[in-house]
Protein chains: 2
Amino acid sequence: MTVTIYDVAREAKVSMATVSRVLNGNPNVKPETRKKVKDVIERLDYRPNAVARGLASKKTTTVGVIIPDISNLYYSSLARGLDDIAEMYNYQIIITNTDNDPEKERDAFLGLISKQVDGIVFLGGALNEETLNDIKGSHLPVVICGTSEKDENMPSVNIDYYEAIKEAASKFLEEGAEQIAFVKASYSEQLERHIEEGIKAAYQEKNKDFDEQYILSAAEDYQSGKSLFGKIQELKSDVVITMSDETAIGVLHGAMDHNIAVPDEIQIMSCSNTRLVNMVRPPLSSVALPLYDIGAVGMRLLTKYMNEETVEEANVILPYKIEYRATTK
Amino acid sequence: MTVTIYDVAREAKVSMATVSRVLNGNPNVKPETRKKVKDVIERLDYRPNAVARGLASKKTTTVGVIIPDISNLYYSSLARGLDDIAEMYNYQIIITNTDNDPEKERDAFLGLISKQVDGIVFLGGALNEETLNDIKGSHLPVVICGTSEKDENMPSVNIDYYEAIKEAASKFLEEGAEQIAFVKASYSEQLERHIEEGIKAAYQEKNKDFDEQYILSAAEDYQSGKSLFGKIQELKSDVVITMSDETAIGVLHGAMDHNIAVPDEIQIMSCSNTRLVNMVRPPLSSVALPLYDIGAVGMRLLTKYMNEETVEEANVILPYKIEYRATTK
DNA sequence: GTGAAAGCGCTAACAA
DNA sequence: TTGTTAGCGCTTTCAC
């Protein structure tokens, strides 16, 4: 029925071991033998069974990706970077959506373990305590992209959120902003802390007090941003910084609906920079995270762990850039 | 080291076969035995190795998803529906991006075959001839979502594009539209044909001639739409229908930049309805494809094939709805 | 209701 | 340079 390595061996009049060797590019094969085997492989249209291979070698060339929601542009941009590099290194990715639900997250993780993935990439959101312990217990290489963990020793790829937010906030303050509202949409306490510290540092540098009530929360979608506008108006903020682009666009439209001029009366900036930023008018100013690159670098980092290469820096910080478009002065 | 079925058998003082039976919910196990085994499983924290299982049973509970670009909202919406249903049926999905490149597509397919996936979902884009033949030769269940194939016997999930476009075009014509430009962004000739026929049918019903030059092409992104606006203006179209939301938004902004009033001077509608439609002002009118559902139903259909259930209808047509928002009168 | 044993298709010592 | 052989961890007849 299906042609196996045994069929190839028989046809080529060599042993399975030799076929296996040419399959795996083992140099210990005489060129003629190699050619002979390759010819038979081609003639029989033989395709190695990766499952059998995985069982025998304990390597599946598959990595798991745990992601809050693939239909969110932020995460799917990361995922695209991930997959491109995975493909380059001959890995395939199993993607599982969790909606940031700890239970789904744990199930996803256990599922991936049982599938014997060679590594796992965790995207965005927060890793709950229990899963985190499972991960550590599993001795599987894991890389976290686009979010920070309590245990900051876990390999990760990020930008320097503290610096980014501080830089953005400072600029606003310098130019006369009075009250910056910050809308967090992250599920990672750690990440939120970095960000809050960034804002506070900016205020401190200007010798201004920061009022905690200007830190708001919203889900990372359009509607949440829109609903939040009332609150923002109440607070009389003249600047709003959000994590998610969608949230920022929601706020923007909230402002437009209330006839508040953007950026004259209120400035809006996000911290994400998906392709959405150019698809609204006015174009959204944003801290530009290199989303694709974060994914790509994350996967590259993971391959290093999987191949037991030495890694110099487990916590990669990628550069960010602040794109001032038309929602800021 | 890792605990295997053998360890469980030994500890529970039964045979591996029995452990396997309780694992797989085989009823031929005495309740006491079952309980005993379950206890040991729990105590040892035993997790079945899905790879070994796959090798022995020739079922991997993994399905492959071949997709043009996961970072495109259209496809990622489909993918999300796919994954949710896959999870429900205890399947996991391997996602591979192809950028509609036939070579990548073929590699993706061969990779999935070698991983012994139980089925494949093909999303959007066009399946090239060669891959299509491979698929047929593989006897693997395959479902196509959101696009049509030459071979219309392949299981698929779609809306009735012909009817949708015809309905939309008819309405525009009835209300006095003179020249409808249609921007296709599909890679499937088959799909394009359905759509063109829909438009032509609408013109015919109104006894008007349709001029082929009003059928334009663009990539399914924002910039392409924007660049296309010059051409549209040249054609003096008063209605533009695009496949992709991003393209429509590009056209919309093109119009705004040229001080052409939307919808008064030009009406714009897309045929997709991702969450983007509400994130622009004015909100984009669109033929609402049930993207999530197309994915979900597609995966459900695939599970039927994988479990050898009987399927009544291999070519599922889901209902569409035309959402008239503010880019149309 | 349960167990013994033969694979599934491959890799990886170890020998030769 | 090549072959032999013993698994990898499970499912699945087939007996009992």
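Chain identifiers are assigned alphabetically (A, B, ...) following the order of the sequence lines, protein sequences preceding nucleic acid strands; residue numbering begins at 1 within each chain.
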For A/Glu42, I'd like to know if atom CD has over 12 heavy atoms of other residues, nucleotides or ligands within 6.0 Å. no
To the nearest angstrom, how far is A/Asn26 atom CG from C/dC10 atom P? 17 Å
Euclidean distance, atom NZ of residue A/Lys36 to atom C1' of D/dT1 [Å, nearest integer]: 12 Å
Report the residue from B/Asn24, B/Thr61, B/Thr60 that forms a side chain to side chain donor-acceptor pair (under 3.5 Å) with B/Arg53. B/Asn24
If each of B/Ala52 and B/Lys30 is mapped to the nucleotide of DNA chain C with the nearest heavy atom, which maps nearer the 5' terminus, i.e. the 5' end? B/Lys30
Quick one, which residues of residues 8-15 of chain A touch DNA chain D with a heavy atom under 4.0 Å? A/Lys13, A/Val14, A/Ser15
Nearest-Å distance for atom pair NZ/C1', residues B/Lys59 and D/dC10: 15 Å
How about A/Lys38: does its NZ atom have over 12 heavy atoms from other parts shown lying under 6.0 Å from it? no
Evaluate whether atom CD of A/Glu308 has more than 12 neighbouring non-hydrogen atoms of other residues, nucleotides or ligands under 6.0 angstrom away. no
Measure CG/B/Leu55 against P/C/dT11 and give the value in whole Å, please. 12 Å
Every protein N/O within reach of nucleotides 12-16 of chain D N/O, cut-off under 3.5 Å:
none

Please list, chain by chain and in numerical order, all residues satisfying salt bridge (charged side-chain N to carboxylate O under 4.0 Å, His left out) with B/Arg47, sequence neighbours excluded. B/Asp45
Rounding to a whole Å, what distance do you find between A/Ile5:CD1 and C/dT11:C1'? 8 Å
Please check if any side-chain donor atom of B/Glu220 sits under 3.5 Å from a side-chain acceptor atom of B/Tyr75, or the reverse. yes
Provide, to the nearest angstrom, the distance between the NZ atom belonging to A/Lys115 and the C1' atom belonging to D/dC10. 15 Å
Charged N to carboxylate O below 4.0 Å: is that the case for A/Arg10 and A/Asp7? yes
B/Tyr6 vs C/dA4: side-chain N/O to OP1/OP2 distance below 4.0 Å: no
Is any side-chain N of the basic residue among B/Arg80 and A/Asp99 closer than 4.0 Å to the acidic one's carboxylate O? yes
With a 4.0 Å cut-off on heavy atoms, is B/Asn49 in touch with a base, just the backbone sugar-phosphate, or nothing at all? sugar-phosphate
Computed from five pairs at either end and rounded to 10 degrees, the angle between the axes of the helix from C/dG1-D/dC16 to C/dA16-D/dT1 is 30°
Quick one: salt bridge (charged side-chain N to carboxylate O under 4.0 Å, His left out) partners of B/Lys13, sequence neighbours excluded? none
Provide, to the nearest angstrom, the distance between the NZ atom belonging to B/Lys35 and the P atom belonging to C/dG1. 18 Å
Chi angles and distances behind the side-chain contact (heavy atoms from CB on, under 4.5 Å) call for B/Val8, B/Leu23: CA-CA 11 Å; B/Val8 176; B/Leu23 242 34; over 6 Å; no
At under 4.0 Å, does any side-chain N or O of B/Arg53 touch on OP1 or OP2 of D/dG9? no
Indicate every side-chain donor-acceptor pair of residues 88-95 of chain A with a distance under 3.5 Å to a residue at least two apart or in another chain.
| from | atom 1 | to | atom 2 | distance (Å) |
| --- | --- | --- | --- | --- |
| A/Tyr89 | OH | A/Arg300 | NE | 2.8 |
| A/Gln92 | OE1 | B/Lys115 | NZ | 2.7 |

Using the rule given for side-chain contact (heavy atoms from CB on, under 4.5 Å), can you reason through B/Val65 versus B/Leu82, listing the C-alpha separation, both sets of side-chain angles and the distance that settles it, and then say yes or no? CA-CA 9 Å; B/Val65 175; B/Leu82 234 41; 3.8 Å; yes
What is the distance, to the nearest angstrom, from the CG atom on A/Asp7 to the C1' atom on C/dC10? 13 Å
Do any side-chain nitrogens or oxygens of A/Lys58 fall under 4.0 Å of OP1 or OP2 in D/dG9? yes
